[in-house]
There are 2 protein chains.
Amino acid sequence: MRKRPYVCGLDAALDVIDGKWKVLIIWALNHQRCRFGELRRLVPGISEKVLVQQLRELEADGIVHREIYDVVPPKVEYSLTGLGGELNTALGPLGAWGKRRMAVLEEAGRHG
Amino acid sequence: MRKRPYVCGLDAALDVIDGKWKVLIIWALNHQRCRFGELRRLVPGISEKVLVQQLRELEADGIVHREIYDVVPPKVEYSLTGLGGELNTALGPLGAWGKRRMAVLEEAGRHG
DNA sequence: GTAAGTACGCACTTTTTTGTGCGTACTTGC
DNA sequence: GCAAGTACGCACAAAAAAGTGCGTACTTAC
């Protein structure tokens, strides 16, 4: 979407992940579909502007589904698509690697 | 190193990956240990400043090993550490996911 | 009637990241 | 003697990303 053509699959994957908060958003949506306001509370520290922005990008990339209910006050629900779920799964090993690294860092921190 | 504390393992992993060229560097080093100049040629488009910078960060994070030979002209060789190799492996599923996405995009491009 | 919540949009600033162009001290090849 | 290669360092510029503050049109709660 932003930097095509990609040189490899990893490149293509990292492009949709790119953004300070995207993995947190994906992670939150993997647990539950939710509304804009809920999501903002689930991702503490994010600004509304950036949340909208990153949701739009994730939607354009087919990771997130946006459902609008024509009611007042407005209601919109976000959820992961199938592709989004697969992405989340593909991130698993990376998360496990990072967890081991965190443990190592913590050990080093205790002795340093 | 840069944004600790991490909220989860994925956060910790993405932090060491963070940088426009880091995965390309890791990928190149996974195939062969190489010198600075070689690496620059293997990663076309990167500036020398940024290559040095990202190598230093990867070294500080324990992903890359830097070996200096005290000869003239200077010779330095970069290679992946064990941790770096594991990281590369952990990136596998993500790369596979991205590859599928690329195929889908290409299909869509042909019809759009 | 006033504040708060709904899901954003828009203009602007700040921060972060990346790129550009130059210099080093030395050797080899022409 | 002059260019090119070695592996960088440094000052600065450009670009990209994120954050800030304010406004919308409407409703419910107090």
Side-chain angles (χ1 to χ4, degrees), chain A residues 1-4 6-7 11-26 28-29 32-61 63-79, chain B residues 1-4 6-7 11 14-26 28-29 32-61 63-79:
Chain A
M1 290 294 156
R2 277 133 283 160
K3 56 176 273 202
R4 279 190 286 171
Y6 301 122
V7 306
D11 196 10
L14 289 171
D15 192 28
V16 330
I17 291 304
D18 191 32
K20 190 172 174 182
W21 310 90
K22 281 191 187 165
V23 290
L24 291 175
I25 294 171
I26 292 170
L29 288 179
Q32 59 194 291
R33 56 173 20 227
C34 48
R35 305 180 58 173
F36 185 84
E38 282 180 278
L39 208 44
R40 191 188 15 161
R41 283 184 288 274
L42 285 173
V43 184
I46 195 172
S47 73
E48 298 195 342
K49 193 203 88 173
V50 176
L51 179 53
V52 175
Q53 197 174 285
Q54 312 225 337
L55 279 170
R56 291 292 140 84
E57 288 179 17
L58 288 170
E59 193 193 352
D61 286 341
I63 309 300
V64 157
H65 172 68
R66 179 162 175 265
E67 191 145 11
I68 312 140
Y69 299 83
D70 193 13
V71 293
V72 62
K75 177 175 176 179
V76 177
E77 273 193 350
Y78 292 92
S79 54
Chain B
M1 295 294 156
R2 275 134 283 161
K3 56 176 272 202
R4 281 191 284 169
Y6 301 122
V7 306
D11 197 9
L14 289 171
D15 193 27
V16 330
I17 290 306
D18 192 32
K20 190 171 174 183
W21 309 89
K22 281 191 187 164
V23 291
L24 291 175
I25 294 172
I26 291 171
L29 288 179
Q32 57 195 290
R33 56 172 19 227
C34 48
R35 306 178 56 170
F36 185 85
E38 283 180 277
L39 208 44
R40 192 188 15 161
R41 283 185 288 274
L42 286 173
V43 183
I46 195 171
S47 73
E48 298 195 343
K49 194 204 87 171
V50 176
L51 179 54
V52 175
Q53 195 175 286
Q54 311 225 338
L55 280 170
R56 291 290 140 85
E57 288 180 14
L58 288 170
E59 194 192 352
D61 285 342
I63 307 302
V64 157
H65 172 68
R66 179 161 175 265
E67 192 145 10
I68 312 139
Y69 298 84
D70 193 15
V71 294
V72 61
K75 177 174 174 180
V76 178
E77 272 193 350
Y78 293 92
S79 54

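Letters A, B, ... are given to chains in the order of the sequence lines, protein chains preceding strands, and every chain is numbered from 1.
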Of all the choices, D:dC8, D:dA17, C:dT18, which nucleotide is nearest to the side chain of B:Lys49 once you look at every atom?
-> C:dT18

Correct closest heavy-atom pair for B:Tyr69 and B:Glu77 would be OH-OE1, 3.4 Å

Of the candidates C:dT6, C:dG19, C:dC8, the side chain of A:Arg56 sits closest to C:dC8

Heavy atoms only: give me the nearest A:Lys22-A:Leu58 pair and the separation to one decimal.
-> CD-CD2, 3.8 Å

Nearest heavy-atom pair of B:Asp11 and B:Tyr6: which atoms, and what distance?
-> OD2-CA, 3.5 Å

Phosphate oxygens OP1/OP2 of D:dG5: is one of them under 4.0 Å from a side-chain N or O of B:Arg41?
-> no

Could you state the atom-to-atom distance from NZ of A:Lys75 to C1' of D:dT27 in whole Å?
-> 16 Å

How many Å lie between CG on A:Leu55 and C1' on C:dC8, as a whole number?
-> 11 Å

Side chain of B:Arg66 only, please: which of D:dA7, D:dC8, C:dC8 is the nearest?
-> D:dC8

In whole angstroms, the gap separating C1' of C:dT24 from CZ of B:Phe36 amounts to 14 Å

Out of D:dG19, C:dC8, D:dC8, which has the shortest distance to the side chain of B:Glu48?
-> D:dC8

A:Gln53 atom CD is separated from D:dA17 atom P, nearest whole Å, by 9 Å

Report yes if at least one side-chain N or O of B:Arg40 is closer than 4.0 Å to OP1 or OP2 of D:dC8; otherwise report no.
-> no

Could you state the CG-C1' distance from A:Leu39 to C:dA7, rounded to the nearest angstrom?
-> 12 Å

Do the side-chain N or O atoms of B:Gln54 get closer than 4.0 angstrom to the phosphate oxygens (OP1, OP2) of C:dT18?
-> yes

Give one of base, sugar-phosphate or nothing for B:Tyr69, where a contact means two heavy atoms less than 4.0 Å apart.
-> nothing

Can you figure out which of C:dC8, D:dG9, D:dG19 approaches the side chain of A:Tyr78 most closely?
-> C:dC8

By nearest-heavy-atom nucleotide on DNA chain C, the more 5' of B:Pro73 and B:Lys20 is B:Lys20

Counting heavy atoms from C-beta on, name the nucleotide in D:dA7, C:dC8, C:dG19 closest to the side chain of B:Arg35.
-> D:dA7

Looking only at non-hydrogen atoms, find the nearest pair between A:Leu39 and A:Cys34 and report the distance.
-> CD1-SG, 3.6 Å

Looking only at C:dG19, D:dA7, C:dC26, the nucleotide nearest the B:Val72 side chain is C:dC26

What integer distance in Å separates A:Leu14:CG from D:dA17:P?
-> 14 Å

Provide the closest heavy-atom pair for A:Tyr78 versus A:Leu29 in the form atom of the first, atom of the second, distance.
-> O-CD2, 3.5 Å

Mind calculating the distance between CD1 (A:Ile46) and C1' (D:dA17) to the nearest angstrom?
-> 12 Å

How long is the line joining CG of B:Leu51 and C1' of C:dT18, in whole Å?
-> 13 Å

